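A short worksheet on the structure shown next.
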Amino acid sequence: MPARSDDDLSSLELFNGAGGDPVSASRSPRPASQTAENITVVTAGEIAALNAHTLPDILYAVTGIQFEVNGTPGTLTNIEIQGSDFDHVLVLIDNVPLNSLSDNFPDLGSIPAQIIDRIEIVKGAASSAWGSALGGVINVITKMPQQDRVVDGTVSGSYGTRETVDGRGEVTGTVDRLGYYLFGGRLRSDGLRPNNQADLRNLYGKLHYELPVRGTLTLTTLYTTRDSGVLAVPNVDVNDKKHEILSSLALQLPLDNRLSLDASLRSRQSTMEMFMVSSPGGSVMQSTREDDDSTGGSLKLSWLGEWQLVVAGVDYDHVRVRLRGGRIPGEEAKNADRLGVYLNDTFTVGNFAITPSARFDWTGFGGNRFSPSFGITYALSENSLLRGYTARGYSLTSLNRAESTEKVWTSQVGFESGDVPYLWLKATLFRNDTWDVNSNEFGAIVKKRQLKHGGEFELRTVPVFNTSLSSGYTYIRATDGADGAVLNSVPKHTLKLGLRYRDPSRFQAQLIGHYIDWNAIDGRNRGILWDLHLSKTFEYSEFGSVELFGSLRNIFDGQQYLSDLYKNTGRWAEVGVRCHF
């Protein structure tokens, strides 16, 4: 059997090794051995191997995440975390919430994969840290400027089925104390499903300044514009147009060897229009426009002692939302001041790490919410641990009215180990008791209680003959809290499979399989959907490198979807090139 290298071994350590970056999605950055929540970290190397266009292409391969809508890259996509609804998941990019104010929808398809360095995913209630996050958090961490060169850059382009074209360029570097990262890209397609065309354009910039004495100042801005098709029903097409700007200014300042200050300002200005268009003909039958803006900031103090980490913070946002059109004529407008204060504590006693946390939110038009949590980890060895976590959470939905705030109590126990030869293993059992869930029954909104419990299991192997295996399985039993009846349209079985080959000549191949049993009346789950990603890199010492890549998605043209309205894309292929200088 070939010997394992240090890189091979580190790939099987907790969250990619004890020397890796602390996990920050809990807002209290700490090593994996002290993290009680069920967290998945997607690294830059894993992202690059997927030939991804936008954020959903990356999340598609993550255990515990299910896609309600899987369409043309760049279009609207709904996801679930362990069966939670899409409006239960908080998505952040550079610590700016991506969720809309009217229905708490996170538009994942608008985020280009090229700018992402790392993704941290919290599965389960995270309200004690973030507020409205009943089902979990997806924390997108963007690339930092290249520190070793004044100028470094990449240009890439791809072409695929149905005129699916993606062109991107990025340039980065550092001059004295100032680092910069700039990105621009356009993704367009005639649509891999009926009326699912896309035209997505992004501009992104980051400036990172090292302060003369200590600390850093970082400015980021993401601009997005999109014109796309959403779905097609008999005689009607639904389309959307979107314009959005996300900005943040963050200060990181160590006050002494133990105390540090993090302060940030953020803003989001978004306009989305939805059109119902007659087909054929193209006349607009109905339109809805949503304008939502938010401005605010955060302040966080962290104190690190020999056995304890204490994090206290406050979040403030002024939010404004205005809806026009739709079935009911006229305009609905709301604005509110939102304030949240939180305290997270982590203290270690021998092999134990105990993490009590609490947060209180004044949500404006969603009521006042108290969100406690408690976690504990026990290190069985340097690279194996047991976890336990329980928390109360909430999510604001449906124009954020108080009567539409849904709540959950989540409990988890888990085990993770990299001590088994050649294997990394992780298992989590969870129970999510959700109440005040809005259910539309015979035209009336009824409050329901739902119980979702199950397990999540993952394993990954060390590379042998340059080949590694990975798999993840999620089981969810969802029942009505009143009578115990099994709920339809909640994913009962989810399976993720991966086979990855990488050789010293910089050739790489990755085969990924997906299976979801939606337990839905009009859904489909015929076999496993397989995607193949290939790439070959040629190094030129004086000029940089050239990478040729290609992908064949849904190789056997399978069907796997929740509803006939949102059928998955069929087989499609693309090829491309990346030039790094």
Side-chain angles (χ1 to χ4, degrees), residues 42 44-61 67 70-75 77 109-116 143 153-171 183-194 196-202 226 228-229 466-467 497-514 528-540 543-558 568-581:
V42 185
E46 293 169 328
I47 294 171
L50 292 171
N51 294 338
H53 295 279
T54 58
L55 178 57
D57 293 333
I58 303 169
L59 300 176
Y60 191 48
F67 277 62
N70 183 21
T72 304
T75 59
T77 300
S110 66
I111 305 301
Q114 186 93 10
I115 69 173
I116 301 173
K143 292 180 178 178
T154 302
V155 177
S156 68
S158 64
Y159 178 84
T161 304
R162 295 284 298 168
E163 303 290 330
T164 302
V165 181
D166 192 358
R168 315 174 194 174
E170 61 181 352
V171 61
F183 167 86
R186 181 181 183 186
L187 168 62
R188 68 161 307 279
S189 174
D190 288 343
L192 301 171
R193 292 190 336 225
N196 198 221
Q197 67 279 1
D199 190 353
L200 174 68
R201 307 182 193 202
N202 297 103
R226 181 184 60 214
S228 68
N466 304 316
T467 304
L497 299 172
L499 176 66
R500 188 174 181 182
Y501 174 82
R502 291 182 295 174
D503 68 18
S505 69
R506 303 291 300 274
F507 173 76
Q508 182 170 247
Q510 184 161 249
L511 182 66
I512 300 177
H514 313 265
I528 298 174
L529 305 187
W530 294 99
D531 297 339
L532 177 64
H533 305 286
L534 304 171
S535 67
K536 170 65 177 178
T537 301
F538 301 90
E539 297 283 353
Y540 301 95
F543 306 103
S545 64
V546 174
E547 180 185 1
L548 303 178
F549 64 90
S551 295
L552 180 60
R553 293 178 168 88
N554 195 359
I555 297 172
F556 302 107
D557 201 24
N568 62 286
T569 59
R571 180 192 305 113
W572 70 283
E574 64 178 336
V575 294
V577 59
R578 298 186 187 97
C579 300
H580 180 76
F581 57 89

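Only a predicted model underlies this, so the values are computations on that prediction, with no experimental measurement involved.
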Do Glu574 and His53 have side-chain atoms, one donor and one acceptor, less than 3.5 Å apart? yes
List for me each residue that meets ring-ring contact (aromatic ring centres under 6.0 Å, His included) alongside Tyr60, sequence neighbours excluded, and say none if there are none. Phe67, His514
Atom pair OG/OH of Ser189 and Tyr159 - distance to nearest 0.5 Å: 10.0 Å
Does a donor on one side chain and an acceptor on the other come within less than 3.5 Å for Arg502 and Gln510? no
Looking at side-chain heavy atoms only, is the closest gap between Asn554 and Asn568 below 4.5 Å? yes
Contact between Thr54 and Leu200 at the side-chain level, heavy atoms closer than 4.5 Å - yes or no? yes
Okay, side chain of Lys143, backbone of Gln114: is any donor-acceptor separation there less than 3.5 Å? yes
Do Leu511 and Asp531 come within less than 4.5 Å of each other through their side chains, counting heavy atoms only? no
Report yes if the side chains of Pro56 and Leu59 come closer than 4.5 Å at any heavy-atom pair, otherwise no. no
How would you list, by chain and number, every residue that makes a side chain to side chain contact (heavy atoms under 4.5 Å, CB included) with Leu497, sequence neighbours excluded? Ser471, Leu495, Ile528, Trp530
For Asp557 and Thr569, indicate whether the former's side chain and the latter's backbone hold a donor-acceptor pair under 3.5 Å. no
Do Leu192 and Asn196 have side chains that approach each other closer than 4.5 Å (heavy atoms only, starting at C-beta)? no
For the residue pair Ser551 / His533, report whether a side-chain donor-acceptor contact shorter than 3.5 Å exists. yes
Counting only N and O atoms by type, is there a donor-acceptor contact under 3.5 Å from the side chain of Arg571 to the main-chain atoms of Ile555? yes
Regarding Asp166 and Ser158, do their side chains bring together a donor and an acceptor under 3.5 Å, going by distance alone? no
Working to the nearest 0.5 Å, report the span between CZ of Phe507 and OG of Ser535. 7.5 Å
Any side-chain donor paired with an acceptor under 3.5 Å for Asn51 and Arg578? yes
Expected output: side-chain Asn202 to main-chain Ser110 donor-acceptor under 3.5 Å: yes
Indicate yes or no for a side-chain donor-acceptor contact from Thr537 to the backbone of Glu547 under 3.5 Å, with no hydrogens or angles considered. no
Salt-bridge contact Glu163-Arg188 (side-chain N to carboxylate O under 4.0 Å): no
